[in-house]
Colleague: 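Okay, handing you the structure first.
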Amino acid sequence: MRRLAVLSLHTSPLAQPGSGDGGGMNVYVRELSSALARAGVECDVFTRAASDALPASVTVEPGFRVHHVAAGPPVPMAKEALHGVVDEFAEGVLKVLDGSGDGLAYDAVHANYWLSGMAGHMIKHRLDIPLVSTFHTLDRVKAESSPEEVEADSAVRRAEEEARIIRCSDTVLASCSVEAEQISELYDADPSRIRIVAPGVDHAFFGPGHRPQARRALGIPPESPLLLFVGRIQPLKGVDVAVRTLAAVANAHPDARLAVVGGPSGPRGADELERTVALVHGLGLDDRVFFVPPRPHELLSTYYRAADVCLVPSRSESFGLVALEAAACGTPVVASDVGGLRTLVDHGRTGYLVDRSDPEAFAGWVRQILAEPLLAQRLGTGSVLRSRRYTWARAAHLLSEIYEDLTAGRLVECS
Ligand code: UDP
C-alpha cells in the first residue's frame, strides 16, 4: 500500500474545528492522514474549494497533501446544498488523480461522511479500487436521538444514500463497538465488512498540566470551580444541559463557572446559541458562564487543564474526541451514556456516565467530584492512563493493515 485518496468534501482538514462544519471530522482526517503519512502511506486529501483564493494543493507535511477541488461556486455553501455538487467534485478528484503524472496508482479511496461517500462510490467504480467509508454521523442514528435535526438534514434522503454506500464499501469503519452495532442493525450491513478503528488523541498536545498555571493563563480565579463544555453549538451537543448543570450546582458552589468553547454549527446552530444565551440570562448566570469562540485545537489543552470537570452532554455521539482530549489532560468527564462516550468513559474510574440528558444527574456527579479532591485526583489519573490506549499512530497502523488486505482481495460488488 503506497497511496490513498482521502475524501473530505464538505470540510477541510485545514479548517478550524469547533464551529460551522468544523469538528471532530476535521481533526480525524488531519491527524489520521498525518499518522498514515508517517507510517509510509501517502495521503492525498480532497476537499471542495470554498474560495477561489485557495491554492490548488497544499503540502501539509511529506506524504500528506490537501487538494482544493472546484465543485459549485467557490464560496462557503450550506452542507444541505452540497449533494448537488457531488458529481462535479468526484470528476474534479478523478482529474487530479489522472493528472498526478508520476505513474503511481492510488490503492484505495477513503471517504469521510456520506457526501464524500457518494463521490467515493463513483470513484471506486471508475478506478476499480477499494472503497473505505467512515461516516462520522449517520442519519438513522441521529433520527433515534434527535428527529428534529434529521428533518433539516435529509433533503435527499441521506439515509438511503448511506445504505447504498455501505452496500458498496469494501470496509466500513466504526469508531467503537456501539457504532459498529448501529451500522449493522440500522443499515443491515454485513458485519464482516465493518472494522473498528478507534480515533486517537495527540498526547504531545493533550497531557496533564499544572491547573493553577492554566487558570492564570485564562484569567480564571484559582479557587472557583470550573466546568467546561467544548464543541460545536447545536441541539445534538446539549449545551443547554451544561448550563442547567451549572445552575444545579450553584447553591453548593456559588462561585462555580462554566466555560463554553465553540461556536454555532449547522442550520439550527445560531438559534441554539441564542437560546443558550437566553437560558443563561434567565437562570441569572450571566457573570458565571463565559462563551469562548472556537480556539485552535492545540490550544485547547489549557482549557481542559484549567477545568475541574468536562461535561459532554451529547444526545448522540459517534465517538466524542472532546471526552478523550479532556481525559488525556487528566480532567474527569461526566458524559451522556450514548454512542462512543460509553467506550471512552469508564464509569467510576475515569468519570461518570449519565443515563439521560438530565442536568440533575450531571450535577450529582459534578458535586461529588468538587467535594472530594482525592476522588477527582483518582479519576484524573485513571483518565490519563486510559487515554493512552488511543493514539493516531495506532489507528494508522490498523488502517494500513486494512488497506493492505483490501488491495490483496476482491472488490465488493455493488448491490
Ligand atoms: N475543537 C477545537 N476547537 C474548539 C472546539 C472544538 O479544536 O474551539 C475540536 C475538539 O478539540 C475536538 C473536535 O473539535 O477534537 C470535536 O470533536 P468531537 O468528536 O468531540 O465532536 P464532533 O465535532 O465530531 O461532533
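We count ligands from 1, going down the list as the structure has it; atoms in each ligand are counted the same way. All values reported here derive from a predicted model rather than from experimental measurement.
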Colleague: Is the ring pair W365/Y352 parallel, tilted or perpendicular, if the boundaries are 30 and 60 degrees?
Modeller: parallel
Colleague: Are D44 and R65 within salt-bridge range, i.e. N to O under 4.0 Å?
Modeller: yes
Colleague: Answer yes or no: is there a side-chain heavy-atom contact under 4.5 Å between L82 and V86?
Modeller: no
Colleague: In a simple table, one pair per line, please give the protein and ligand 1 atom names for every N or O pair closer than 3.5 Å, along with the distance.
Modeller:
| from | atom 1 | to | atom 2 | distance (Å) |
| --- | --- | --- | --- | --- |
| ligand 1 | 3 (N) | P17 | O | 3.3 |
| ligand 1 | 3 (N) | R295 | O | 2.8 |
| ligand 1 | 7 (O) | H297 | ND1 | 3.2 |
| ligand 1 | 8 (O) | R295 | N | 2.7 |
| ligand 1 | 8 (O) | R295 | O | 3.4 |
| ligand 1 | 11 (O) | H297 | ND1 | 3.0 |
| ligand 1 | 11 (O) | E325 | OE1 | 2.6 |
| ligand 1 | 11 (O) | E325 | OE2 | 3.2 |
| ligand 1 | 15 (O) | E325 | OE2 | 2.6 |
| ligand 1 | 17 (O) | G24 | N | 3.3 |
| ligand 1 | 19 (O) | L321 | N | 2.9 |
| ligand 1 | 20 (O) | L321 | N | 3.3 |
| ligand 1 | 20 (O) | V322 | N | 3.1 |
| ligand 1 | 21 (O) | K237 | NZ | 3.0 |
| ligand 1 | 23 (O) | G24 | N | 2.8 |
| ligand 1 | 23 (O) | R232 | NE | 2.9 |
| ligand 1 | 23 (O) | R232 | NH2 | 3.4 |
| ligand 1 | 24 (O) | G24 | N | 3.0 |
| ligand 1 | 25 (O) | R232 | NH2 | 2.7 |
| ligand 1 | 25 (O) | K237 | NZ | 2.6 |

Colleague: Would S34 and R38 count as having a side-chain donor-acceptor pair, cut-off 3.5 Å?
Modeller: yes
Colleague: What distance separates L186 CG from K142 NZ, expressed to the nearest 0.5 Å?
Modeller: 14.5 Å
Colleague: Please identify which of these residues, E162, E161, E160, meets the salt bridge (charged side-chain N to carboxylate O under 4.0 Å, His left out) condition with R158.
Modeller: E162
